[in-house]
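Have a look at the structure below, then the notes.
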Protein chains: 2
Amino acid sequence: MKKTPKISEAEWEVMKVLWSKSPATANEVVKVLSKKTSWKRETIRTLINRLVQKKAVGFEKKGRRYHYFPLVTEAECVKAETKSFLKRVHGGSIEPMLTSFVEEEKLSDEKIARLKRILDEAEAGDEDKK
Amino acid sequence: MKKTPKISEAEWEVMKVLWSKSPATANEVVKVLSKKTSWKRETIRTLINRLVQKKAVGFEKKGRRYHYFPLVTEAECVKAETKSFLKRVHGGSIEPMLTSFVEEEKLSDEKIARLKRILDEAEAGDEDKK
DNA sequence: TCCGTACTATTACATTCGTAACATTACTAA
DNA sequence: TTAGTAATGTTACGAATGTAATAGTACGGA
């Protein structure tokens, strides 16, 4: 897997928009993000440009507009970030994190059920391999 | 709970050393980190100083040396980081992260069992409150 | 008592990030 | 065709970060 470029906190917001809908024009991104943040048009445009430089986002010129789209998948980025995060904060182990998360945010029962199902499947997968 | 100062990636390494053993002199920290990283003495000292400025680390003058110790607990910082991480990467939801983690790293059965136990307890806690 | 050495303190500097202003180009409507 | 507007491009600038060099200071040994 190619390594994903390092995406900063603010840039993630832009990526999230593009992952949820792409291609999108700069304006569309601006519109979405203006709802969540107080960033100026220009700020958002800067972020988009940086992502283009980093090759995290590609574009296509459509007439005079640019249509942007992600060049890296969300899954890739999540994976990379998760890994680096866990390494940094927990020495690579997921348990303390789950613990701390569980402690902090009260999880609803359904959520817990879903998490368990995820784990069940992982277990099943292991069985398979064995 | 007081909010923890923002600790950068490199600074985390220093904090981890202090969490595992404190108080410690600058030199002790340097010694430990020299094994893991290729940072120069001075670099590490800079990091320590920044942590002191940020009030993440305190110190006590012991004669000629300074003895440093954490002013924030590991748990606090982990919590804060986990929160900001999840917000950033997953829009605040833990599920995709757990999924991606489970997919990437093959978890051992015991690990899965332990994670499930964590979830069971969370559930029990909820029951309590209800 | 004076020097070297070990510490501590001050300063540096290129990048990245967050945040944006200003400039320019090209379409649209009058 | 011309001016206004919308879109893109260029430049800015301070704070934080990673990475360190250099300068100052005090202690312990000659």
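Just so we're on the same page: letters track the sequence lines, and every chain starts at 1. Note that these values count all heavy atoms, side chains included, but never hydrogens, waters or copies made by symmetry. Values in this document were obtained by computation on a predicted structure and should not be read as measured data.
Residues that satisfy the side-chain contact (heavy atoms from CB on, under 4.5 Å) test with B/Glu110, not counting sequence neighbours, are B/Ser108, B/Arg114. Residues that satisfy the salt bridge (charged side-chain N to carboxylate O under 4.0 Å, His left out) test with A/Lys6, not counting sequence neighbours, are absent from this structure. Applying the side-chain hydrogen bond (donor to acceptor under 3.5 Å, both in side chains) criterion to A/Glu13, with sequence neighbours excluded, gives no partner residue. Legend: residues meeting salt bridge (charged side-chain N to carboxylate O under 4.0 Å, His left out) with A/Lys54, ordered by chain and number and at least two apart, are A/Glu11.
Among the nucleotides D/dG18, C/dA9, C/dG18, the one closest to the side chain of B/Arg50 is D/dG18.
Taking atom CD of A/Glu9 as the reference point, atom P of D/dA16 lies 14 Å away to the nearest angstrom. Whole-Å rounding puts the A/Arg65 CZ to D/dT5 P distance at 16 Å. Rounding to whole angstrom units, CD of residue B/Glu13 and P of D/dG18 are separated by 10 Å. Rounded to whole Å, atom P of C/dT19 lies 12 Å from atom CG of A/Leu33. Regarding A/Trp39, its CH2 atom lies at a distance of 9 Å from the C1' atom of C/dG18, rounded to whole Å. Residue A/Ile7 contributes atom CD1, which lies 14 Å from atom C1' of C/dC17 at whole-angstrom precision. Atom P of nucleotide C/dG18 and atom CG of A/Leu51 are separated by 10 Å, given to the nearest angstrom. C/dG18 atom C1' lies 18 Å from atom CH2 of A/Trp12, rounded to whole Å.
Residue B/Lys54 places at least one side-chain N or O closer than 4.0 Å to OP1 or OP2 of D/dT17. OP1 or OP2 of D/dG18 has at least one side-chain nitrogen or oxygen of B/Ser8 nearer than 4.0 Å. Proximity of A/Asn27 to the phosphate of D/dA7: a side-chain N or O atom is located under 4.0 Å from OP1 or OP2.
Listed in residue order, the members of residues 40-49 of chain A having a heavy atom less than 4.0 Å from DNA chain D are A/Arg41, A/Arg45.
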May I have the list of side-chain donor-acceptor pairs in residues 35-42 of chain B shorter than 3.5 Å, sequence neighbours left out?
from, atom 1, to, atom 2, distance (Å)
B/Thr37, OG1, B/Leu33, O, 2.9
B/Thr37, OG1, B/Trp39, N, 3.2
B/Arg41, NH1, B/Asn27, OD1, 3.0

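With A/Glu81 contributing its side chain and A/Val78 its backbone, the two residues share no donor-acceptor pair below 3.5 Å.
Residue pairs meeting the ring pair (Phe, Tyr, Trp, His ring centres under 6.0 Å) criterion with at least one member in residues 9-31 of chain B, sequence neighbours excluded, are B/Trp12-B/Trp19. Applying the ring pair (Phe, Tyr, Trp, His ring centres under 6.0 Å) test to residues at least two apart or on different chains, the pairs with a partner in residues 43-64 of chain B are B/Phe59-B/Tyr66.
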Would you write the dot-bracket representation of DNA chain C, where each base gets (, ), [, ], | or . depending on whether it forms a Watson-Crick or G-U pair under 3.5 Å and with which partner? ||||||||||||||||||||||||||||||
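When all heavy atoms of B/Thr25 and B/Tyr68 are compared, the closest pair comes out as C-CD1, 4.2 Å.
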